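Take a look at the structure below.
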There are 2 protein chains.
Amino acid sequence: MSNKATANRNRIVDIADQLFYSKGFNQSSFTDIAEAADIPRGNFYYYFKTKDEILESVIDKRLSYIKSKLAGYEAQYDSPQERILKFIEMFRDDAETLNLHGCPMGTLNMELSKTQHELRGMAKQMFDVYRNWLTEQFRALNTKSKPEELAMHLLVQTQGLAVMAQTYNDPELIKRETRELKRWVFSL
Amino acid sequence: MSNKATANRNRIVDIADQLFYSKGFNQSSFTDIAEAADIPRGNFYYYFKTKDEILESVIDKRLSYIKSKLAGYEAQYDSPQERILKFIEMFRDDAETLNLHGCPMGTLNMELSKTQHELRGMAKQMFDVYRNWLTEQFRALNTKSKPEELAMHLLVQTQGLAVMAQTYNDPELIKRETRELKRWVFSL
DNA sequence: GTCTATAATTCGATAGAC
DNA sequence: GTCTATCGAATTATAGAC
């Protein structure tokens, strides 16, 4: 594949990533993506044969982004407590985007759960990465509760927060609830 | 409107309600609804001119269901604590459906937030009813935290629970987390 | 690799006969 | 009230010239 072709492909994935997040997977058409990526409609199929293939690439990209982010936390912070706090702060710092479009993982999983059960497995992987990573951190914290359950509990909180933030668009909500979440981590 | 016409209309709304929940609003077509309700495609437009109108009727139906349910709690239980516990138990008792399709309010709101901002206002009303009712119950509980924030916090928990239940389909998750939620209510 | 033209289907929605 | 026929737009996708 030539340099230009690779660049085109990457641009398509970036654009599709944004559109799937902001408009949803089913509501983003080939035309939408092609136009935004400035690729002629006909030529588009040279890069991706089906919408499912695009989603696969988008999720791969998101997965490596998540993994590199978590690896960064591990490199930068030694204590599991600090790492968990960073996870919560990441959520707090994305408040504006979350208010607008919800959680990229949560909204995608919910959408695909409804009608595209096959694709949903891929989307779930994103949650798995966070879930496993958080479980390891809680395990290292050596709490009396089970680390798996604490990790899941934290995911429940952040997902619920994303849903209610998206629904009510209240900038105070994410601030307040993430503050409480951090307090909860200290209390463990 | 004749008896038969009224019956047809109600059946359309019931079917649409189910389809919007299980498949999503955008993924449910006129054809889907008409076929499931056994109304000929052409005749369908006698009852509803647009899909938005159907959604409006579906939300009206859901709203009155929610209101009657909450009114039932108020009639049956005197203490605000008991009423809040019933709200949590309702969630727990719907575990199977939640695992399959998520929360009917949450998934609809998230879907409409993405591309149908106008319709989203209607869907938000469902949350408003719960939110206001819960706020009143927490106010009557006379806690030291603000009742509005407690109500929102409980909604955050249930919505996050719905997202993670739908994602992982773990029957234990809802049981465990609702148990914790009830404990939280007792601790207030 | 690029691009045009277009197939094939589905969508929401309408007109009008009965 | 019922039903047929159909429109126009949008959808995913393909064939084939350049």
Side-chain angles (χ1 to χ4, degrees), chain A residues 1-20 22-59 108 111-112 114-120 122, chain B residues 1-59 108 111-112 114-120 122-123:
Chain A
M1 190 152 40
S2 75
N3 279 345
K4 190 174 175 188
T6 310
N8 278 345
R9 216 189 129 92
N10 288 337
R11 199 169 64 256
I12 290 173
V13 175
D14 286 345
I15 295 281
D17 188 9
Q18 289 170 33
L19 285 174
F20 290 169
S22 60
K23 298 181 53 173
F25 176 70
N26 287 306
Q27 295 307 109
S28 304
S29 69
F30 273 105
T31 312
D32 292 335
I33 303 170
E35 275 178 6
D38 208 31
I39 305 273
R41 297 159 110 299
N43 194 21
F44 195 88
Y45 285 88
Y46 170 72
Y47 296 99
F48 290 98
K49 299 291 169 222
T50 65
K51 228 170 124 180
D52 293 7
E53 275 182 42
I54 308 178
L55 182 66
E56 206 176 329
S57 293
V58 166
I59 289 179
L108 183 61
E111 183 180 1
L112 298 179
K114 297 259 178 191
T115 38
Q116 283 104 339
H117 277 249
E118 335 77 46
L119 297 177
R120 179 226 184 151
M122 293 198 299
Chain B
M1 192 152 42
S2 74
N3 280 346
K4 190 174 176 189
T6 311
N8 279 344
R9 216 190 129 91
N10 288 337
R11 200 169 63 255
I12 290 173
V13 175
D14 286 345
I15 295 279
D17 189 9
Q18 289 170 33
L19 285 174
F20 290 169
Y21 178 37
S22 60
K23 297 181 54 174
F25 176 70
N26 287 307
Q27 295 307 108
S28 305
S29 69
F30 273 104
T31 312
D32 292 335
I33 303 169
E35 276 178 5
D38 208 31
I39 306 272
R41 299 162 105 302
N43 194 22
F44 193 88
Y45 285 87
Y46 170 72
Y47 296 100
F48 291 97
K49 299 291 169 219
T50 65
K51 227 172 124 179
D52 293 7
E53 273 182 43
I54 308 178
L55 182 66
E56 204 176 330
S57 292
V58 166
I59 290 179
L108 183 61
E111 183 181 3
L112 298 179
K114 298 257 179 192
T115 39
Q116 284 105 336
H117 277 249
E118 336 75 46
L119 297 177
R120 177 224 186 157
M122 291 198 300

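Keep in mind that this is a model prediction, so the values were computed, not measured. Residue numbers begin at 1 in each chain, while the letters A, B, ... track the order of the sequences.
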Would you say the side-chain atoms of A/R11 pair up with the backbone N or O of A/A37, donor to acceptor, closer than 3.5 Å?
yes
To the nearest 10 degrees, what angle separates the axes at the start and end of the helix from C/dG1-D/dC18 to C/dC18-D/dG1, five pairs each?
10°
Nearest-Å distance, CZ (B/R11) to C1' (D/dG1)?
14 Å
Mind calculating the distance between CZ (A/F44) and C1' (C/dT6) to the nearest angstrom?
19 Å
Figure out the CD/C1' separation between B/E35 and D/dC3, and round it to whole Å.
16 Å
Where each residue is assigned the nucleotide of DNA chain C containing its nearest heavy atom, which of A/G42 and B/Y45 is assigned the position nearer the 5′ end?
A/G42
Measure CZ/B/F48 against C1'/C/dA13 and give the value in whole Å, please.
15 Å
B/S57 side chain vs B/V13 backbone, donor-acceptor pair below 3.5 Å
no
Any sub-3.5 Å donor-acceptor pair from A/K114's side-chain atoms to B/Y21's backbone N or O?
yes
Please check: side-chain N/O of B/E111 versus main-chain N/O of B/F25, any donor-acceptor pairing under 3.5 Å?
yes
Mind listing the closest non-hydrogen atom pair of A/A16 and A/V58 along with its distance?
CB-CG2, 3.8 Å
Residue pairs meeting salt bridge (Lys or Arg N to Asp or Glu O under 4.0 Å), one or both in residues 33-56 of chain A, sequence neighbours left out, come to none
Nearest-angstrom distance from the residue atom CD of A/E53 to P of D/dT12:
14 Å
Could you list all N or O pairs between the protein and nucleotides 7-11 of chain D that sit under 3.5 Å apart?
none

Contact under 4.0 Å: A/Y47 side-chain N or O vs C/dT2 OP1/OP2:
yes
Rounded to whole Å, the CG-C1' distance (B/N43 to C/dA17) equals 14 Å
Reference residue A/F48; test side-chain contact (heavy atoms from CB on, under 4.5 Å); the match among A/I54, A/I39, A/I33
A/I54
In whole Å, what is the span from the CG atom of B/N26 to the P atom of C/dT10?
18 Å
Mind checking the CZ-CG spacing from B/R120 to B/L108? Nearest 0.5 Å is all I need.
11.5 Å
So, OP1 or OP2 of D/dG1: does either fall under 4.0 Å of a side-chain N or O from B/Y46?
yes
Gap between atoms CD1 and C1', on A/I33 and D/dA13 respectively (whole Å):
14 Å
Of the listed nucleotides (C/dA13, C/dC3, D/dT14), which one gets closest to any side-chain atom of B/T50?
C/dA13
Side-chain H-bond candidate by donor/acceptor type, A/S29 with A/D32, under 3.5 Å:
yes
